[in-house]
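Take a look at the structure below.
Nothing fancy with the numbering, it's 1 onward along the sequence.
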Amino acid sequence: MNAKAPGDSTPREDALRLLARREYSRAELVSRLSAKAHGVDAIAECLDALAEQGLQSDERFAESFLRSRIMRGQGPLKIRQALSQRGIERELIRTVFAQAQGDEQGGEQGGADWFTLACEILARRFSGPGDTPRERARRERFLAGRGFDFDQVRHALSHAWDDPSSQD
């Protein structure tokens with residue numbers, strides 16, 4: 001009989017099962033496959049083969065992750081940190097962010113205009129800029145917690161409730 005016990009899967013089978021659901025970074029896959037008690041050498045060999053076949057790509061993962069986090073309304077600082085925690089190299093993070101900026105300037109949909117995004121998120125959450133310093137500080141903390149930098153927060157506080165028809 002060729003029946004396998006439930007725990008007798010290969011690293012490749014486990015990796016493909018994970019990748020069928022969503023993109024994973026190489027570091028995430030190493031962690032997940034190690035948790036399933038696969039050997040370090042077998043995992044490395046498997047992931048090298050998957051990358052060579054185009055089934056696993058850190059670049060594709062980073063692009064997908066960036067798009068999904070922008071859609072969630074997260075800022076660049078938080079997204080960079082999350083990518084770094086998932087094992088994506090700094091240079092690749094820079095490249096993916098530069099491509100997102102290029103998409104915005106090229107007129108394609110999905111580009112990252114962080115100032116506009118901060119304004120949209122703030123206007124969606126709050127009805128106005130706040131009357132007291134305490135209310136304004138609450139709005140600043142909200143955006144900072146979302147991963148927007150100081151300039152983006154200041155811009156959003158100044159322009160989030162502007163009339164869109166009066167802008168260029």
Side-chain angles (χ1 to χ4, degrees), residues 1-104 106 108-122 124-126 138-153 156:
M1 285 183 96
N2 271 345
K4 286 185 175 182
D8 285 348
S9 58
T10 65
R12 180 179 176 82
E13 291 169 347
D14 287 338
L16 288 175
R17 197 171 299 116
L18 290 167
L19 289 168
R21 292 187 199 117
R22 71 170 178 91
E23 293 286 341
Y24 282 85
S25 70
R26 184 180 180 98
E28 285 178 314
L29 286 174
V30 167
S31 174
R32 297 266 180 144
L33 295 175
S34 295
K36 292 185 179 266
H38 294 295
V40 175
D41 293 336
I43 292 172
E45 184 179 317
C46 167
L47 294 180
D48 289 342
L50 290 173
E52 191 175 302
Q53 295 166 358
L55 297 174
Q56 190 281 323
S57 165
D58 277 352
E59 184 174 353
R60 198 170 54 227
F61 166 77
E63 290 168 356
S64 171
F65 189 86
L66 176 63
R67 277 192 310 273
S68 73
R69 294 303 169 108
I70 289 172
M71 295 303 293
R72 286 186 186 179
Q74 292 183 355
L77 302 177
K78 191 168 190 172
I79 297 171
R80 284 180 203 276
Q81 178 64 30
L83 283 169
S84 181
Q85 285 177 339
R86 285 166 173 76
I88 303 299
E89 297 173 8
R90 282 185 175 174
E91 190 56 40
L92 181 54
I93 293 171
R94 276 191 214 102
T95 301
V96 170
F97 270 82
Q99 288 172 348
Q101 293 297 113
D103 288 349
E104 169 209 330
E108 291 181 22
Q109 198 65 300
D113 180 357
W114 301 111
F115 292 94
T116 302
L117 182 61
C119 288
E120 290 170 1
I121 297 303
L122 189 62
R124 200 177 314 151
R125 173 68 186 243
F126 297 100
R138 183 171 177 228
R139 285 147 177 79
E140 289 176 9
R141 283 192 309 274
F142 170 74
L143 287 176
R146 285 287 185 112
F148 292 97
D149 68 24
F150 180 78
D151 292 333
Q152 293 158 353
V153 170

What residues, two or more places apart in sequence or in another chain, satisfy side chain to side chain contact (heavy atoms under 4.5 Å, CB included) together with [X]?
X    : value
A15  : L33, C46, L50
T116 : D113, E120
S34  : V30, I43

[atom1]/[X] to [atom2]/[Y] distance, rounded to the nearest 0.5 angstrom?
X    : Y    : atom1 : atom2 : result
L92  : F97  : CG    : CZ    : 11.0 Å
L47  : L55  : CG    : CG    : 11.0 Å
L117 : R146 : CG    : CZ    : 8.5 Å
I121 : Q152 : CD1   : CD    : 12.0 Å
R94  : E89  : CZ    : CD    : 11.0 Å

At their closest point, which heavy atom of [X] faces which heavy atom of [Y], and how far apart are they?
X    : Y    : result
A100 : L66  : CB-CD2, 3.6 Å
A118 : L143 : O-CD2, 3.8 Å
I88  : A62  : CG2-CB, 4.4 Å

List for me each residue that meets salt bridge (Lys or Arg N to Asp or Glu O under 4.0 Å) alongside [X], sequence neighbours excluded, and say none if there are none.
X    : value
R90  : none
R60  : E23
E52  : none
R139 : none

Using side-chain heavy atoms (C-beta onward) and a distance below 4.5 Å, is M71 in contact with R67?
no
Find out whether W114 and I79 are in side-chain contact, i.e. whether some heavy atom of one side chain is under 4.5 Å from a heavy atom of the other.
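Result yes, sub-4.5 Å side-chain heavy-atom pair found.
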For F61, enumerate each residue passing the ring-ring contact (aromatic ring centres under 6.0 Å, His included) test, keeping only those at least two apart in sequence or located in another chain.
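Here the qualifying residues are F65.
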My understanding is that only residues two or more places apart in sequence, or in another chain, count here; which of them pass ring-ring contact (aromatic ring centres under 6.0 Å, His included) with Y24?
none
Chi angles and distances behind the side chain to side chain contact (heavy atoms under 4.5 Å, CB included) call for L122, F148
CA-CA 11 Å; L122 189 62; F148 292 97; over 6 Å; no
Among residues at least two apart in sequence or on other chains, which ones pass side-chain hydrogen bond (donor to acceptor under 3.5 Å, both in side chains) with R17?
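With sequence neighbours excluded, R17 shows a side-chain hydrogen bond (donor to acceptor under 3.5 Å, both in side chains) to D14, given in chain and number order.
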All pairs passing side-chain hydrogen bond (donor to acceptor under 3.5 Å, both in side chains) where residues 71-80 contributes a residue, at least two apart:
R69-Q74
Are any side-chain N or O atoms of S25 and backbone N or O atoms of G87, one a donor and one an acceptor, separated by less than 3.5 Å?
no
Applying salt bridge (Lys or Arg N to Asp or Glu O under 4.0 Å), which residue pairs with at least one partner in residues 38-50 are found, sequence neighbours left out?
R26-D48
